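These notes concern the structure reproduced below.
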There are 4 protein chains.
Amino acid sequence: MTTRSTPDTSRRSERSRKAILQAARDLVAETGYAKLTIEAIAARAKVGKQTIYRWWPSKGAVLLDSVLALSQADQDQDITLPDTGDIETDLKALMRATAAEFAAPAFAAPLRALTIEITADPRLADDYHKRVAAPMEEAKKQRLRSAQRAGQLAADADLDLILDMLYAPLAQHWMLHSGPLASDYTDRLVDAVLRAFSPRT
Amino acid sequence: MTTRSTPDTSRRSERSRKAILQAARDLVAETGYAKLTIEAIAARAKVGKQTIYRWWPSKGAVLLDSVLALSQADQDQDITLPDTGDIETDLKALMRATAAEFAAPAFAAPLRALTIEITADPRLADDYHKRVAAPMEEAKKQRLRSAQRAGQLAADADLDLILDMLYAPLAQHWMLHSGPLASDYTDRLVDAVLRAFSPRT
Amino acid sequence: MTTRSTPDTSRRSERSRKAILQAARDLVAETGYAKLTIEAIAARAKVGKQTIYRWWPSKGAVLLDSVLALSQADQDQDITLPDTGDIETDLKALMRATAAEFAAPAFAAPLRALTIEITADPRLADDYHKRVAAPMEEAKKQRLRSAQRAGQLAADADLDLILDMLYAPLAQHWMLHSGPLASDYTDRLVDAVLRAFSPRT
Amino acid sequence: MTTRSTPDTSRRSERSRKAILQAARDLVAETGYAKLTIEAIAARAKVGKQTIYRWWPSKGAVLLDSVLALSQADQDQDITLPDTGDIETDLKALMRATAAEFAAPAFAAPLRALTIEITADPRLADDYHKRVAAPMEEAKKQRLRSAQRAGQLAADADLDLILDMLYAPLAQHWMLHSGPLASDYTDRLVDAVLRAFSPRT
DNA sequence: AGCTAATCGAGACGGTACGTCTAGTCTTGCG
DNA sequence: CGCAAGACTAGACGTACCGTCTCGATTAGCT
């Protein structure tokens, strides 16, 4: 029982849907955000422009689905992060993986374009949080709760704040080209955050 | 003695320069980033389009100067932050002031627009760091060094990391509409960072 | 037993056929030729677009049937024009009636639209002549032949030329908005033509 | 002292104006009316679409100027028709020349397209009459007046009606593909009209 | 005080993309 | 199988801006 403001979804062409998302990803990775136009996406996907306008309200919405399709390539179920029992190890690995994604054009280019659209469109920002950020944050919080139970984090630690302090500096470096994405940096970030939220002795 | 690749600056119309920066700020605050076009700026500033293209390489460059003119309304000299002797007090005040700026349309709208441009243009990002971010970061570091001398921060604390951990979460909340800008939040952020970098006992 | 290149006509929906012709007429009379689109006709007639494309090769063909249905509202048999015995009287009455039709939107609008299509499509022009113009011309010629027999027209008068000289000026005024459609004009036209083709004394 | 509702004409590019009119003519002659689009004209003329929209209100207006430029290739002054002293000879020559124009694609194709536009647009029809038809009609009337003075036409002959009766049948044959354009036909047309308007004996 | 060369407001230019509309085809499910 | 409905590819519509390019008309700074 969906309540979309879009047309009857049962008649929708799956072939076109996939071609559009793929074209958007390919184009932004190959030619950059500036040349990512609806016309170019339609042409690359061998699709009429109207087919894009029929199913997505904006270029940003296409990008959101593009990125989503990329990160959910295989799974539709909930995300579960590795749990070695040591929160420091796991967080450092996670942060390095995130930094690696930011460095990989095929993933980073659509995500950067999407971030630009989000920054200019609060409605898209909402969608992004609900459909991309929230599931990932929930997975991360589960790992943090596990660490709390293991006594590796303070019982009253503010998990949202921890996630912010871990993710935002790295994301900012990437988005604004303002600093390193190296594992050296992410390791020190994890160390500092764990120091701030370690259980009191 | 500047070495710009722009025309003879002595003949430049100061009236036009100011009108353009003002128009850019006003337009983005009133009508939003989407309607911030070179044509609209020129029309609002009662200026020929060529006058903009003559002195700025891109819309983002105009915005950079716009934001710069706004934050340097009075001073041209170095920024100095308040120093009450207590780093916690001073950082919390600073963070609240930053959050207040993010909440004020007249300042936040041009800054958000500039951030969008920066995200899409690495060259502009460089300029932004040199001319806006770096001076501010230097002032903040001076305050942090003062705290180190006073024994309120670990002597080997990574000051850049501290600044990232303070500023990035707040900036991210603002840019992506992903969380609160309230003083409650900034206070807890400062607390956590100070915990992470307090001198070892 | 017709030999159309269209699908099996026995299964055809009479309700749809009529609704389409009616919708075409109504639309062109209400909103003008510019808004007469296949989509609009289908929507107005509560008909799928394919039903139009299945039975008519072009918008002009629909219009042709529309106009035909209008002028043959009652009769399917041959047209017979009034014959008072005086050719001048009868032609003047005929011309006035024609001018009146040109002035009536419900009839003139579809006919004007059809004329536009004909001008751009020679195949449609052929159809128009065979199915609309020729029967009417034959009726007119019969009346002229009657006048010849009565000694009111020269025995060797070129009847096709007479019809051209009577109808074309009036039709041209109507189509190109280039002159009057008044009975004063049509009367003078009839007078001139009769002068040209009266029997030599 | 012009009162056009178009922009300042002094800055207008003569090169673009000519290229547009030429492109319109060429396109309609080569590919037909159906493919005569503003986009195609702009592309063929190596011109931005806006340059067309800036100076002409419609495709029909471009065609009007196109046809006008064609028929005024050399002269800007008034048209004067040949006068051999014999009206029959001159009118037959004139009608044959007109029929020849209708048969020449380079001239006939733009004129046919223009006629279609005129039929659908009363405002364009007005313009056409003032700028194309009226000057030509005036020249024809002068020749007819000369014939009146020479006693070859009735002194009270309705010259407008004569012109209608000569031109409309031929034009109708051409536009609706409804009859011949041969000199045989035009000669008989002239004969009939002269019979109708010869001086009474 | 005039000369002259660059800057100015203005806006036309060749282009590109927008978001909408319609053409004509194709697909789905009902009767 | 025809039908209503409507999604599909394709492409033109008319508009908005881009960045470049003339135009005179100021308006400096130098002679």
Side-chain angles (χ1 to χ4, degrees), chain A residues 7-13 15-17 19 34-43 45-55 57-59, chain B residues 7-13 15-17 19 34-43 45-55 57-59, chain C residues 7-13 15-16 19 34-43 45-55 57-59, chain D residues 6-13 15-17 19 34-43 45-55 57-59:
Chain A
D8 178 10
T9 205
S10 70
R11 292 204 184 290
R12 182 170 189 176
S13 160
R15 184 251 144 209
S16 296
R17 203 193 113 261
K35 291 193 179 171
L36 184 74
T37 64
I38 299 271
E39 297 225 315
I41 295 171
K46 295 268 183 189
V47 142
K49 287 200 292 176
Q50 199 58 46
T51 300
I52 300 182
Y53 286 109
R54 184 156 31 229
W55 300 108
S58 67
K59 192 169 63 181
Chain B
D8 178 9
T9 206
S10 68
R11 289 179 172 279
R12 183 171 187 178
S13 161
R15 186 249 142 211
S16 295
R17 204 193 111 263
K35 291 192 179 170
L36 184 74
T37 65
I38 298 274
E39 298 226 315
I41 296 171
K46 297 269 183 185
V47 140
K49 286 201 296 177
Q50 196 64 264
T51 302
I52 299 181
Y53 285 109
R54 184 156 30 230
W55 301 108
S58 68
K59 190 169 65 178
Chain C
D8 178 9
T9 206
S10 68
R11 289 180 169 277
R12 184 170 188 179
S13 160
R15 185 251 143 208
S16 295
K35 290 191 180 171
L36 183 75
T37 65
I38 298 275
E39 298 226 315
I41 295 171
K46 296 269 182 186
V47 140
K49 286 202 296 178
Q50 200 56 44
T51 302
I52 299 181
Y53 285 109
R54 182 154 33 229
W55 300 108
S58 68
K59 191 169 65 179
Chain D
T6 38
D8 177 11
T9 205
S10 69
R11 294 204 182 288
R12 182 169 189 178
S13 161
R15 185 252 142 206
S16 296
R17 205 192 110 263
K35 290 193 179 172
L36 184 73
T37 64
I38 299 272
E39 296 225 317
I41 296 172
K46 297 266 183 186
V47 141
K49 286 201 290 176
Q50 199 58 47
T51 301
I52 300 181
Y53 287 109
R54 182 151 38 225
W55 302 107
S58 67
K59 193 169 63 180

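Residue numbers start from 1 in every chain, and the chains themselves are labelled A, B, ... in the order their sequence lines are given, proteins ahead of strands. Remember, it's a predicted structure, so these values are computed and weren't measured experimentally. As a basis for the values below, the full set of heavy atoms in this structure was taken, side chains included, without hydrogen atoms, waters or symmetry mates.
In plain terms, the two heavy atoms of B:A45 and B:A19 that are nearest each other are CB-O, 3.5 Å. Looking at every heavy atom in both residues, C:K46 comes nearest to C:R15 through O-NH1, 3.6 Å. The shortest non-hydrogen separation linking B:A42 to B:G48 is CB-C, 4.3 Å.
Residues C:A40 and B:S13 each lie close to DNA chain E; by heavy-atom proximity, the contact nearer the 5' end of the strand is made by B:S13. Nearest-nucleotide positions on DNA chain E place D:A42 closer to the 5' end than the other of C:A34 and D:A42.
Under 4.0 angstrom from either OP1 or OP2 of F:dC8 there lies at least one side-chain N or O belonging to A:W55. Between B:T51 and E:dG9, a side-chain N or O to OP1/OP2 separation shorter than 4.0 Å is present. For D:R11, no side-chain nitrogen or oxygen approaches OP1 or OP2 of F:dT22 to under 4.0 Å.
Using a 4.0 Å heavy-atom cutoff across all strands shown, A:T37 reaches sugar-phosphate atoms only and no base atom. Among the atoms of the strands shown, only primed sugar atoms or phosphate atoms (P, OP1, OP2) are found under 4.0 Å from some heavy atom of A:S16. Residue B:K49 is in base contact, counting any heavy-atom pair closer than 4.0 Å across all strands shown.
Rounded to whole Å, atom P of E:dT25 lies 7 Å from atom OH of C:Y53. In this structure, the CD atom of C:Q50 is 15 Å from the P atom of F:dA7, given to the nearest Å. Across the protein-nucleic acid pair, B:I41 atom CD1 and F:dC17 atom P stand 11 Å apart, rounded to whole Å. In this structure, D:R15 places its CZ atom 16 Å from P of F:dC21, rounding to the nearest Å. Atom CD in C:E39 sits about 12 Å away from atom C1' in F:dC8, given to the nearest Å. Computed from coordinates, the B:I38 CD1 to E:dG9 P distance equals 14 Å when rounded to whole Å. Rounded to whole Å, the distance from CZ on B:R54 to C1' on E:dG9 is 10 Å. One atom, CZ of D:R17, and another, C1' of E:dG14, lie 19 Å apart when rounded to the nearest Å.
Separation of atoms NZ (C:K59) and CD1 (C:I52) is listed at 11.0 Å; rounding is to 0.5 Å.
Put simply, the side chain of D:R17 does not reach to within 4.5 Å of the side chain of D:W55, judged on heavy atoms.
Distance from the side chain of C:V47 is smallest for F:dA4 among the nucleotides E:dC8, F:dA4, E:dG14.
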